[in-house]
Number of protein chains: 2
Amino acid sequence: METLRERKKQRTREALLRAALELFTTRGYEGTTVDDIAETVDVSQRTFFRYFAGKEEAALAVQEMTVNRFVESVRERPPHEAPLEALRQAVLDGWDTLNEVVESVVPVELYLRMFRVIESTPVLLAAHLRRSEEVEEVLARVLAEREGVDMDTDPRPRLTVAVFGGVMRVTERQWTTGEDFSLRAMRDLTVSHLEQLGPALTGSWRTDTSGHPYTET
Amino acid sequence: METLRERKKQRTREALLRAALELFTTRGYEGTTVDDIAETVDVSQRTFFRYFAGKEEAALAVQEMTVNRFVESVRERPPHEAPLEALRQAVLDGWDTLNEVVESVVPVELYLRMFRVIESTPVLLAAHLRRSEEVEEVLARVLAEREGVDMDTDPRPRLTVAVFGGVMRVTERQWTTGEDFSLRAMRDLTVSHLEQLGPALTGSWRTDTSGHPYTET
DNA sequence: GAGGCTAATGACAGCCACTGACAATTGACA
DNA sequence: TGTCAATTGTCAGTGGCTGTCATTAGCCTC
């Protein structure tokens, strides 16, 4: 961002993004038109579409940043860590350093509100899930390389990442709909759910192994 | 479907669905307009929207049937089966009896082609994934009830279903992009992937436990 | 620092998915 | 058979999104 032109572009994009998130989190995603966003920033609708492929992309732009950061984080994990452990550490690290990544673009508080909007807006949730699947493919490749296995013949990389992704989606869902919507809560939920993964998969739950007696009723 | 009116409605819906899938699988989803579909069946565009909430719904209608069948199948599993085992049996049963369920509406061959279209069309894949998440919520509830645990305090039902769902998505993806696109292949892949689940999650893969030596390179 | 070059924007027209409203039609049923 | 209700068609309109072309505005050279 050296020239004036580039700085101007940067500012326009940022303004559009900020306006979009602000409107989405107040009027709702469906309740906001692209014209609304463009008008807020005082550019033409056409210009909006030159910065974002669509309404969706604007809504998910910040998430995209954090996800990319997460993938990089996995890449940089020490090779001695087991696959699931590398994913776990990378995710936790992501939540711990969320502030630095997000705040440079939009207030974290806005990011968090947007998280809930995504989770509660069907079309956005769908796009988010599809994107997650794409990311899982990349992660599987990273893990396969780390462990020196061939993804084309060995299903374990994809399976591991899919399992991990499944746990994370459950976590996100519970987090966004729960009462404690803080980063700390997200971190704790992540740890807790990953710990529960083993017990959940081992046979019947009637033999209590998790501190959740089924006799409570 | 007793009266003439009801029969006519049934036929219109079926014709629309068939026409939609036929067009989607030949011209592609994006390459097909709702007007195309309506015109093929010789009804107005408005009528199409009276039968389907949107293009998406038409594209996913048959999948919806099989998914609902799957959920029912899980509900009817004998209570002594462990959660994962119940899900496994229900899925395999679903593939084994797919013909009977699907053929009553559209040719199975059309259903299979549509499966690939869904997997390769971003917006359809997204919708499919979102729907899967909804189903997972239902399944978690079924499992929780079976096992007598409280879903609100015990994350294991949701975790188990999410893990299972993750495995199934990996399976679907490999199936639709692989060379052997037969029901038999889907069944085998499902069994194989579920078997690999354990090995995939237990620590490092460098200690070979799966018949996939990493020394192939 | 004037003028040419190129990138960014605006204005406009148009496509497609989808919806509301109302009129026309057609099966149901007394 | 005539009335009632459900089904459908028509029309108008909104919103997301794209292509096109003229206009503007930063950039760079002479």
Side-chain angles (χ1 to χ4, degrees), chain A residues 1-17 19-21 23-24 26-61 117-118 121-128 130-131, chain B residues 1-17 19-21 23-24 26-61 117-118 121-128 130-131:
Chain A
M1 57 216 86
E2 192 55 32
T3 70
L4 168 62
R5 196 135 67 184
E6 277 166 330
R7 265 177 287 135
K8 229 176 176 179
K9 259 175 65 175
Q10 187 87 3
R11 264 187 285 127
T12 303
R13 192 194 141 87
E14 209 170 299
L16 280 170
L17 185 56
L21 297 195
L23 289 170
F24 291 159
T26 51
R27 304 186 199 170
Y29 179 74
E30 313 279 7
T32 305
T33 70
V34 173
D35 287 303
D36 291 338
I37 303 168
E39 200 176 343
T40 303
V41 184
D42 207 59
V43 296
S44 69
Q45 189 217 48
R46 198 65 183 83
T47 293
F48 173 89
F49 285 109
R50 289 200 176 96
Y51 283 93
F52 300 97
K55 239 172 99 175
E56 251 182 47
E57 192 179 292
L60 299 175
V117 172
I118 292 171
T121 306
V123 55
L124 285 184
L125 179 56
H128 174 63
R130 180 171 54 73
R131 178 62 185 143
Chain B
M1 56 217 83
E2 192 57 33
T3 71
L4 168 63
R5 202 180 256 169
E6 277 166 332
R7 267 177 286 136
K8 230 175 174 178
K9 256 173 66 174
Q10 186 88 3
R11 267 187 282 128
T12 302
R13 193 194 141 87
E14 209 171 298
L16 280 170
L17 185 55
L21 297 195
L23 289 170
F24 291 159
T26 52
R27 302 187 199 172
Y29 179 74
E30 313 279 7
T32 305
T33 70
V34 173
D35 286 305
D36 290 338
I37 303 168
E39 199 177 342
T40 302
V41 183
D42 207 60
V43 295
S44 71
Q45 190 216 47
R46 198 65 183 84
T47 294
F48 173 90
F49 285 109
R50 290 203 176 94
Y51 282 93
F52 299 97
K55 239 172 98 176
E56 253 182 44
E57 191 178 294
L60 300 175
V117 172
I118 293 171
T121 305
V123 55
L124 285 184
L125 179 57
H128 174 63
R130 180 172 53 73
R131 178 61 186 143

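Proteins get letters first, then strands, A, B, ... in listed order; numbering begins at 1 in each.
In this structure, the CD atom of Gln10(B) is 12 Å from the P atom of dT8(D), given to the nearest Å. In this structure, CG of Asp42(B) is placed 15 Å from C1' of dT7(D), rounded to the nearest angstrom. Between Leu124(A) atom CG and dG16(D) atom P the separation is 12 Å, expressed in whole Å. Straight-line distance from the CD atom of Glu57(A) to the P atom of dT18(D): 10 Å, rounded to whole Å. When the C1' atom of dA8(C) is taken as reference, atom CZ of Arg11(A) falls 14 Å away, rounded to whole Å. If you measure from atom CG of Leu16(A) to atom C1' of dA8(C), you get 13 Å, rounded to the nearest angstrom. Separating the CD atom of Glu30(B) from the C1' atom of dC16(C) is a distance of 11 Å, rounded to the nearest angstrom. One interatomic measurement links the two molecules: CD1 of Ile37(A) to P of dG15(D), which rounds to 13 Å at whole-angstrom precision.
Proximity of Thr47(A) to the phosphate of dG10(C): a side-chain N or O atom is located under 4.0 Å from OP1 or OP2. For Tyr51(A), no side-chain nitrogen or oxygen approaches OP1 or OP2 of dA8(C) to under 4.0 Å. Taking only side-chain nitrogens and oxygens, Ser44(B) never comes nearer than 4.0 Å to OP1 or OP2 of dT8(D). A sub-4.0 Å separation between OP1 or OP2 of dT7(D) and a side-chain N or O of Lys9(B) is present. Applying the 4.0 Å criterion to OP1 and OP2 of dC18(C), one finds that Lys55(B) has every side-chain N and O outside that range.
Checking dC17(D), dC27(D), dA17(C) against every side-chain atom of Gln45(B), the shortest atom distance belongs to dA17(C). Of the listed nucleotides (dA28(C), dT19(C), dT8(D)), dT19(C) has the atom at the smallest distance from the side chain of Phe49(B).
Take the nearest nucleotide of DNA chain D for Arg5(A) and for Val43(B): the residue whose nucleotide is more 5' is Val43(B). Of the two residues contacting DNA chain D, namely Arg46(A) and Thr33(A), the nearest-nucleotide position lying further toward the 5' end is that of Thr33(A).
Two residues are said to be in side-chain contact when any heavy atoms from C-beta on lie closer than 4.5 Å; Tyr29(B) and Val123(B) meet this criterion. A heavy-atom distance below 4.5 Å is not found between the side chains of Glu39(B) and Thr33(B).
Of the possible donor and acceptor atoms, none in the side chain of Lys9(B) sits under 3.5 Å from a partner among the backbone N and O of Tyr51(B).
Residues Leu17(A) and Ala58(A) come closest through the heavy atom pair CD1-O, 3.3 Å.
In this structure, OG1 on Thr121(B) lies 10.5 Å from CD on Glu56(B), to the nearest 0.5 angstrom.
The base of dG9(D) sits with one of its N or O atoms less than 3.5 Å from a complementary donor or acceptor on the side chain of Arg50(B).
In this structure, Phe52(A) reaches neither bases nor backbone, as no heavy-atom distance under 4.0 Å exists between it and the strands shown. Using a 4.0 Å heavy-atom cutoff across all strands shown, Phe48(B) reaches no nucleic acid atom at all.
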